Amino acid sequence: MTTLKPLSGCVAHYDPNALPVEAAREIVRQWAIPREHEARVERVGLFDALNRVLAEDVISPIDVPAFDNSAMDGYAFAAGSLTSALASGRETVELNVAGTAFAGQPFTAQADAGQCVRIMTGALMPPGCDTVIPQELVTREGDAVRFAATAVRAGQNRRLSGEDLARGKPALRAGRIVRASDLGLLASLGIADVAVRKRIVVAFFSTGDELRSIGEPLTPGSLYDSNRYTLFAMLRRLGVETVDLGIVRDDRASLENALRRATEAADVVISSGGVSVGDADFTRELMNSLGDVAFWKIAMRPGRPLAFGRLWSGERAGAGKSALFFGLPGNPVAVMATFYFIVREALLAMSGAALQTLVAIRARAGEPVKKRAGRTEFQRGIATRDDAGQWHVVTTGPQGSGVLSSMSDANCFIVLEHARGNVEAGDEVDIVPFDGLI
Ligand code: AMP
Ligand code: MG
């Protein structure tokens, strides 16, 4: 039996042949630390910064907005006009229009008591004015504007300078994955480029004598390699650099060669297939000579055989360059489930990104679901929301870990926790939606 190395000592009381998912993730978190040195940072222009990880805090060089301005199309005036009307028992405020302020074309004269300035959204608040009455709340005759003294409160409908971002304060923190709103935010600060972490490099390959590449004829017993395409897509969406090492045959020398090349080329190596205990499954054996093994098997379905550890490019563990290694199972759905729930977090951590927790939603099971206690199951679900806002979920049907169409049909994972047994119709379950907004 493989034993856990000291780094994973905190979970040493678990059986490494059936590690609970949470314990496996804890080990992965301890091993997956970003490489810290300056060469891992580069500056990129805003259009290239999307999805990159900020290497340092971005401090706002200016106030945004840079000046007090109107949040409405209407009339700007001094709140004193309201207080004096209310104090003298008048219900209506009457003001004279002294001029107009457009966005980009300020009204620069002083608006006196009894005066107001026609103002458009985004226009600089004229000197002496602190309140805006929206245009739909006034009656206007010639230059005279009238409105109820209770229609607006002092200071309303004005955006204060610095209320979005204050000068000298961190606008975005190191570790942030740059999203659409962040690009806009950086642009609003007049920042042209940012320091981001270099992308980590992930090498991946498929193993199996039965696998064929697209374009090759399918002989009896062979099938097309789909895992490399799934992995490629999931890796690209995480923003890492990818090195595709193709299909590796089920023999010890080919696999050893692939593992060494991958370790030389990448920060992380991901393989699929060959980690179960079949006669042609050499990964386990090689890991023991080339690397440090953290665990082999996780109490999860799909995904039970999963090798995780560190590989070395030299002649033995500890020699040469190292890379983290995930030996994923061969079944296509298992590849996706283990990637999202075990690998993803590690790649983000190594990329220097702050932890991005997957969003889980509570939903009611629309049908009974078979589940065995003692392992975490990731079933493929179709979730819908009813008129009352309640989420309901059913499975996509057969849940075999080779049925890749179950992933394409689904819009969420149904996550059934370790200790849980069978689910009855109507029971609450956690679902993790496939789609995020950003
Ligand atoms: P293994 O873990 O190597 O025993 O593979 C488990 C199952 O997954 C087998 O039925 C394989 O044929 C299948 N499989 C392995 N690798 C791939 C792949 N790259 N694409 C599609 N199916 C695969
Ligand atoms: Mg195989």
Side-chain angles (χ1 to χ4, degrees), residues 2 16-19 21 24 202-236 242-259 261-262 266 268-288 291 293 295-309 311 325-343 375 377-380 396 398-410:
T2 314
N17 284 314
L19 203 59
V21 167
V202 180
F204 62 101
F205 60 88
S206 295
T207 68
D209 285 341
E210 76 280 28
L211 301 179
R212 297 289 174 272
S213 293
I214 299 168
E216 289 177 357
L218 280 188
T219 50
S222 64
L223 63 146
Y224 288 120
D225 170 16
S226 60
N227 288 344
R228 260 165 59 235
Y229 292 84
T230 316
L231 277 172
F232 163 83
M234 295 188 295
L235 289 167
R236 277 300 166 92
T242 52
V243 178
D244 179 359
L245 294 177
I247 298 172
V248 176
R249 297 299 159 205
D250 284 322
D251 68 77
R252 201 181 190 283
S254 305
L255 189 57
E256 177 166 354
N257 183 36
L259 287 173
R261 275 173 55 211
V268 179
V269 178
I270 300 178
S271 68
S272 73
V275 280
S276 40
V277 285
D279 286 345
D281 295 330
F282 298 107
T283 312
R284 183 172 182 150
E285 200 187 312
L286 278 168
M287 277 288 288
N288 279 324
V293 185
F295 55 78
W296 285 112
K297 282 187 184 160
I298 307 186
M300 86 180 257
R301 183 190 159 99
R304 189 164 128 82
L306 192 158
F308 173 66
L311 292 172
F325 174 64
F326 292 92
L328 306 187
N331 276 308
V333 181
V335 166
M336 296 196 77
T338 50
F339 184 91
Y340 283 123
F341 293 96
I342 307 288
V343 181
R375 66 186 184 201
E377 293 193 12
F378 299 90
Q379 303 215 1
R380 276 70 69 207
T396 52
Q399 296 289 308
S401 57
V403 186
L404 192 53
S405 61
S406 70
M407 283 298 298
S408 287
D409 291 343

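Worth saying up front: this structure is predicted, and the values here are computed from it rather than measured. Just follow the structure's listing: the first ligand is 1, and inside any ligand the first atom is 1.
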Nearest-neighbour protein heavy atom for [atom], which is reported as residue plus atom name and distance:
| atom | answer |
| --- | --- |
| atom 9 (C) of ligand 1 | E210 OE2, 4.1 Å |
| atom 4 (O) of ligand 1 | S276 OG, 3.4 Å |
| atom 20 (N) of ligand 1 | S226 N, 3.0 Å |

Original post:
Which ligand 1 atoms does S206 reach within 4.0 Å, using its non-hydrogen atoms?
Top reply: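 Reading through ligand 1 atom by atom, the close ones are 19 (N).
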Original post:
What atoms of ligand 1 come closer than 4.0 angstrom to any heavy atom of Y224?
Top reply: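 Close to Y224: 20 (N), 21 (C).
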Original post:
Does any N or O atom in D225 lie less than 3.5 angstrom from one in ligand 1, N or O only?
Top reply: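 Yes; at least one N/O pair falls below 3.5 Å.
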**OP:** Flag P329 as yes when one of its N or O atoms lies below 3.5 Å from any N or O atom of ligand 1, and as no otherwise.
**Re:**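 Such a contact does not occur with ligand 1.
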Subject >> Nearest candidate to atom 13 (C) of ligand 1, where distance is taken over non-hydrogen atoms, out of G273, G330, G274 >> reply: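 When every heavy atom of G273, G330, G274 is considered, G330 comes closest to atom 13 (C) of ligand 1.
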Original post:
Out of N331, L223, N227, who gets a non-hydrogen atom closest to atom 18 (C) of ligand 1?
Top reply: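 Selected option, by shortest heavy-atom distance: N227.
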Original post:
Taking the side chain as C-beta and beyond, is there a heavy-atom pair between L328 and S271 under 4.5 Å?
Top reply: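 No, side chains not in contact.
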Original post:
Side chains of V243 and V202: does their closest heavy-atom pair fall under 4.5 Å?
Top reply: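 Not touching, per the 4.5 Å side-chain cut-off.
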Subject >> Side chain, backbone, both or neither: the part of R228 lying under 4.0 Å from ligand 1 by heavy atom >> reply: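 Within the 4.0 Å criterion, R228 makes no contact with ligand 1.
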**OP:** Indicate, as side chain, backbone, both or neither, the part of L211 found under 4.0 angstrom from ligand 1 when only non-hydrogen atoms are considered.
**Re:**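 Side chain only.
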Original post:
Do we see a donor-acceptor contact under 3.5 Å between the side chains of S254 and D251?
Top reply: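 Yes, D251 and S254 have a side-chain donor paired with an acceptor closer than 3.5 Å.
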**OP:** Tell me yes or no: between the side chains of S222 and T219, is some donor less than 3.5 Å from an acceptor?
**Re:**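 Yes, T219 and S222 have a side-chain donor paired with an acceptor closer than 3.5 Å.
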Original post:
With S272, which residues qualify under side chain to side chain donor-acceptor pair (under 3.5 Å), at least two apart?
Top reply: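 In terms of side chain to side chain donor-acceptor pair (under 3.5 Å), with neighbours along the sequence ignored, S272 is linked to N227.
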**OP:** Sequence neighbours left out, what passes side chain to side chain donor-acceptor pair (under 3.5 Å) with T242? Give chain and number order.
**Re:**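 Expected list: R236.
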Original post:
For ligand 1, is there an atom lying under 4.0 Å from some heavy atom of G402?
Top reply: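 Judged by the 4.0 Å heavy-atom criterion, G402 does not count as contacting ligand 1.
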Original post:
Are the ring centres of F308 and F325 closer than 6.0 Å?
Top reply: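 Centroid separation for F308 and F325: 6.0 Å or greater.
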Original post:
Is E216 reaching over with its side chain to a backbone N or O of S213, donor-acceptor style, under 3.5 angstrom?
Top reply: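 Judged by distance alone, yes, a pair lies under 3.5 Å.
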